[in-house]
Amino acid sequence: QVQLVESGGGLVQTGDSLRLSCAASGRPFSTYAMGWFRPAPGKEREFVAAISWTGGITYYADSVKGRFAISRDNAKNTVFLQMNRLKPEDTAVYFCAAARRAGVTTTATLEDYWGQGTQGTVSS
């Protein structure tokens, strides 16, 4: 079992930044690919960003590419999502996910564990 706890959400204005964190406990964190998802119209969980075990591979949704950055600190069992130049359409509950697999996945159904989510709200 892996337990995931997100933090760092809040209320900001358009153009501001937020840094989300996801702290993991349980099985060795470094053996899991990590990802961030958020709800979207017609989708329970829409892919945002993902990072591989070692951090050597990262992947982003087109809607956040160039604005968001995912990173991880395996020594601290934590994955981060730095969100810059935020837009009102980025407003969502952001969920952290872990998948025991090589590479990365953009598919929510392939994730093995989920956190409870943290709310990020961007006002116009």
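What's counted below: heavy atoms across the whole structure, side chains too, no hydrogens, waters or symmetry copies.
Among all heavy-atom pairs drawn from A33 and G103, the shortest one is CB-O, 3.4 Å. Among all heavy-atom pairs drawn from A92 and Q119, the shortest one is O-NE2, 3.3 Å.
N84 and S17 share a donor-acceptor pair across their side chains, judged by distance under 3.5 Å alone.
Distance check: D16 CG to S123 OG gives 8.0 Å after rounding to the nearest 0.5 Å. Atoms OG1 and CE, on T78 and M34 in that order, are 9.0 Å from each other to the nearest 0.5 Å. Distance check: N77 CG to S30 OG gives 8.0 Å after rounding to the nearest 0.5 Å. Of the inter-residue distances, the one linking L20 atom CG with Q82 atom CD reads 8.5 Å to the nearest 0.5 angstrom.
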ask   = Can C22 and Y94 be said to form a side-chain contact (heavy atoms from CB on, under 4.5 Å), step by step?
value = CA-CA 10 Å; C22 173; Y94 285 78; over 6 Å; no

query = Taking it one step at a time, do L18 and L86 satisfy side-chain contact (heavy atoms from CB on, under 4.5 Å)?
reply = CA-CA 8 Å; L18 278 174; L86 283 162; 4.0 Å; yes

ask   = Would T91 and E89 satisfy side-chain hydrogen bond (donor to acceptor under 3.5 Å, both in side chains), going step by step from the backbone distance to the final call?
value = CA-CA 5 Å; T91 294; E89 51 263 44; over 6 Å; no

N/O donor to acceptor pairs below 3.5 angstrom from side-chain atoms of residues 63-72, sequence neighbours left out:
from, atom 1, to, atom 2, distance (Å)
K65, NZ, D62, OD1, 3.1
R67, NH1, R85, O, 3.0
R67, NH1, D90, OD2, 2.7
R67, NH2, S63, O, 2.9
R67, NH2, D90, OD1, 3.0
R67, NH2, D90, OD2, 3.3
R72, NE, W53, O, 3.3
R72, NE, N74, OD1, 2.7
R72, NH1, Y32, O, 2.8
R72, NH1, S52, O, 2.8
R72, NH2, F29, O, 3.0
R72, NH2, Y32, O, 2.9
R72, NH2, N74, OD1, 3.3

List the atom pairs, with distances to 0.1 Å, where a side-chain N or O of residues 5-13 and a protein N or O form a donor-acceptor pair under 3.5 Å, not counting sequence neighbours.
from, atom 1, to, atom 2, distance (Å)
E6, OE1, Q116, N, 3.0
E6, OE1, G117, N, 2.9
E6, OE2, C96, N, 2.8
E6, OE2, G117, N, 3.2

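Through direct or indirect side-chain contacts shorter than 4.5 Å among Ile, Leu, Val, Met, Phe, Trp and Tyr, F47 is connected to F37, I57, Y59, V93, F95, V104, W114.
The side-chain contact (heavy atoms from CB on, under 4.5 Å) search around S25 returns Q3, not counting sequence neighbours. Take T105 and apply the side-chain contact (heavy atoms from CB on, under 4.5 Å) test, not counting sequence neighbours, and it matches A99, R101, T107, L110, E111.
Between Y113 and Q1 the shortest side-chain heavy-atom distance falls below 4.5 Å.
Every pair tested for disulfide bond (SG atoms under 2.5 Å apart) that includes a residue from residues 42-90 fails, sequence neighbours excluded, so the list is empty.
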